[in-house]
Amino acid sequence: MKMKEQIDTLSLEWDHGATFLDPQVQRNVLEHLRPSTNLKSFTIKGYGGINIPNWLGDSLFGSMVYLRISNCYNCTWLPPLGQLGNLKELNIDLMLSLRSVGIEFYGSDSSLSFQPFPSLETLRFEDMPQWEEWNMIGGTTADFPSLKCLLLSKCPKLRGDMPHNLPSLTELELRECPLLVESRNSYDNNNFIIIIPASDVFDRLMLPLTSLRQLTIDGFPSLTFFPIDGLQKTLKVLIIKNCENLEFLPQEYLHNFISLEELKISYSCNSMISFTLGALPVLKSLFIEGSKNLKSILIAEDASPKSLSFLRSIKIWDCNELELFPPGGLATPDLVCFAVWKCEKLPLLPTRMHTLTGLRVMEIDNLPNLQYLVIYDFPSSLQELTIGSVGGIMQNYGPVWKHLTCLSVLRINGNDNMLLGLFLPASLVTLCIYDLKDKVIDGKWFQHLNSLQKLEIVNAPKLKSLPKDGLPSSLSLLSITCCPLLEASLRRKRGREWRKIAQIPFIIINDKIIT
């Protein structure tokens, strides 16, 4: 292998049978598979030896920029990878026996004059069920001076220190590491991550990292609040998942987050009963999912038109207590995407939707308490529209679709025969009809659809027949999924139903192309 200098990408993988092989034999094999030092990308997967030969951390591998060590189930320690001077990305996962990452990980006896990992930009540790301890090299040397992205995921026993001095860190993800705590109580360096223990889980999390731009926290149900002065005001992206007891930032502090453009709250912050648009001055994207007590989306009394104009996307999913949008409409003139799904108590959509002249995508589904739906209040700028299961009265009569001249994609619940029968927009290119309970599709639905290229029919268990006059001649693709009665007649590629579609170039049934 040393002689194969032309190889710059190499993956060594052991199959599951390696579990029964002698670990020492496997180590001897790997020892003799030492590749050329020209290697740039290297993966070791499924290796069953107790340790990895130290040649992997040899500084002679100066060309290596990518390394992954995966599913090395017997390994109890890591080689001196800090000596790989040009390594940019390091991924370590499924090391089932690893309990400690010590100074040997950094290499060269970790002397004060040695700088480990000088070029490393991305570091990921994932699925490490026994990992308990992460020791740093100490001194004034930065552990990872160039690190931009750090991910710790599913390390349930990891506790104690995290890297302190991370001057280049822009993205931090912490997922399902409930015992991760910082044992120190005071610091004099503004670059520290400070995590203070309470009942062996996070109680407070402060992240005064001056370069941090994206923070993801996932799977900390006992995390209760952020100290206001600790959360970096220059964050651009904040993602909070599965932190049910976390209190969201107080309203009066939100104006300080002058860089936050994207906010995702998923099954977290259950104490939040309202969210105020315009409070975050440059917010572009808002996604709230599974917030159990969210009752209203409001507009800040002192919100400037400028701050509201930044919003491009609002998505609210699975918030069953939501009952109110801002009276008078959203007042977000440049909104591009609006979606509301599975909000069981919501009685009304926002009013004056037609004033949102930049809206391109709109999705509404699973709104059983919706009192009425008015298509002609939708803006003419819409290009993609999903109308799923909604309750109440459809106040739509006459050519309600006529003004939607830009609409090219429509997904609609097949039970809404009234909407389907009201002369759909001639501009449609893609039409998806789902949850149809009829036995026959009405040919009137497709009148004037001379531009239709793709038709999808999903979940129509009773459907037996397509329109007797066939489908639009413009169709290039027909997709049929979970329509067992219709599928049975089409698979034979003969008979009346087949003749209706035989001219369509591509026909897909349950994700399988049959023509």
Side-chain angles (χ1 to χ4, degrees), residues 317 339 341-342 360-368 373 375 382-391 394 396 400-401 404 406-515:
W317 290 7
W341 286 48
K342 198 178 179 184
R360 301 288 183 269
V361 179
M362 184 171 176
E363 302 175 3
I364 53 174
D365 195 4
N366 206 344
L367 307 177
L373 180 68
I375 299 296
L382 277 178
Q383 297 176 1
E384 187 173 332
L385 175 62
T386 299
I387 300 178
S389 173
V390 295
M394 305 298 174
N396 303 286
V400 297
W401 299 100
L404 299 179
C406 299
L407 194 65
S408 61
V409 178
L410 175 63
R411 303 179 188 91
I412 192 165
N413 190 297
N415 289 322
D416 200 343
N417 289 340
M418 185 174 70
L419 285 180
L420 281 165
L422 291 174
F423 296 99
L424 297 176
S427 57
L428 284 183
V429 175
T430 298
L431 174 62
C432 176
I433 304 171
Y434 60 94
D435 292 346
L436 181 69
K437 291 185 169 52
D438 294 340
K439 295 181 179 180
V440 179
I441 288 182
D442 191 338
K444 293 180 180 179
W445 296 351
F446 305 105
Q447 289 181 357
H448 313 299
L449 299 185
N450 298 323
S451 300
L452 194 65
Q453 298 178 18
K454 181 179 179 181
L455 174 63
E456 299 179 50
I457 304 172
V458 181
N459 192 27
K462 296 181 180 180
L463 183 62
K464 293 183 178 181
S465 178
L466 296 169
K468 64 179 181 179
D469 295 329
L471 298 170
S473 59
S474 57
L475 274 183
S476 59
L477 188 150
L478 172 64
S479 176
I480 297 172
T481 305
C482 297
C483 306
L485 300 180
L486 183 59
E487 293 162 11
S489 61
L490 294 179
R491 286 188 183 279
R492 294 191 294 267
K493 295 187 180 182
R494 52 188 168 83
R496 181 177 59 187
E497 296 305 315
W498 177 255
R499 288 193 293 272
K500 296 175 182 178
I501 65 170
Q503 79 286 356
I504 299 175
F506 293 97
I507 299 173
I508 300 174
I509 297 180
N510 290 332
D511 297 325
K512 293 183 179 180
I513 299 176
I514 64 171
T515 61

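- If you take NZ on K500 and CG on L478, they are separated by 12.5 Å, rounding to the nearest 0.5 Å.
- K444 NZ to D469 CG: the interatomic distance, rounded to the nearest 0.5 Å, is 11.5 Å.
- Residues M362 and L407 have side chains not in contact (no heavy-atom distance under 4.5 Å, counting atoms from C-beta outward).
- Separating the CD1 atom in I441 from the CD1 atom in I433 is a distance of 5.5 Å, to the nearest 0.5 Å.
- Residues E384 and R411 are paired through a salt bridge, judged by an N-O separation under 4.0 Å between the basic side chain and the carboxylate.
- In terms of heavy-atom proximity, T430 sits nearest to E456 at CG2-OE2, 4.3 Å.
- For the pair L452/S474, a side-chain contact is recorded, criterion being any heavy-atom separation below 4.5 Å from C-beta on.
- Heavy atoms only, all atoms of each residue included: P425 and L404 are closest at CB-O, 3.8 Å.
- Minimum heavy-atom separation, I509 to E487: CG2-CG, 3.6 Å.
- From D435, atom CG reaches atom CG of N459 across 4.5 Å, with rounding to the nearest 0.5 Å.
- The CH2 atom of W445 sits 9.0 Å away from atom CD1 of I412, with the distance rounded to the nearest 0.5 Å.
- Looking at N510, its side chain does come within 3.5 Å of a backbone N or O of C482 through a donor-acceptor pair.
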Walk me through whether L463 and I480 qualify under side-chain contact (heavy atoms from CB on, under 4.5 Å). CA-CA 11 Å; L463 183 62; I480 297 172; over 6 Å; no
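- Side-chain contact between W498 and R492 is absent, with no heavy atoms from C-beta onward closer than 4.5 Å.
- Shown here for S427 and C406, the closest heavy-atom pair between the two residues is OG-C, 4.1 Å.
- S465 places no side-chain N or O within donor-acceptor distance of the main-chain N or O of V440, the cut-off being under 3.5 Å.
- At least one side-chain heavy atom of E497 sits less than 4.5 Å from a side-chain heavy atom of L466.
- A donor-acceptor contact closer than 3.5 angstrom is absent between the side chains of S489 and K464.
- Here the closest non-hydrogen pair linking P484 and P461 is CD-CA, 3.9 Å.
- Looking at I364 and W341, their side chains never come closer than 4.5 Å, going by heavy atoms from C-beta outward.
- The two residues L424 and L449 come nearest to each other via the heavy atoms O-CD2, 3.8 Å.
- Looking at heavy atoms from C-beta onward, N366 lies in side-chain contact with P368 at the 4.5 angstrom threshold.
- The distance from the CG atom of L471 to the CD atom of Q503 is 7.5 Å, given to the nearest 0.5 Å.
- You'll find the side chain of S476 stays beyond 4.5 Å of the side chain of I504, heavy atoms only.
- Considering only heavy atoms from C-beta on, L431 comes within 4.5 Å of F446 through its side chain.
- Checked against side-chain contact (heavy atoms from CB on, under 4.5 Å), L477 has the following partners two or more places apart in sequence or in another chain: K454, S479, F506, I508.
- R494 CZ: 12 or fewer foreign heavy atoms inside a 6.0 Å radius.
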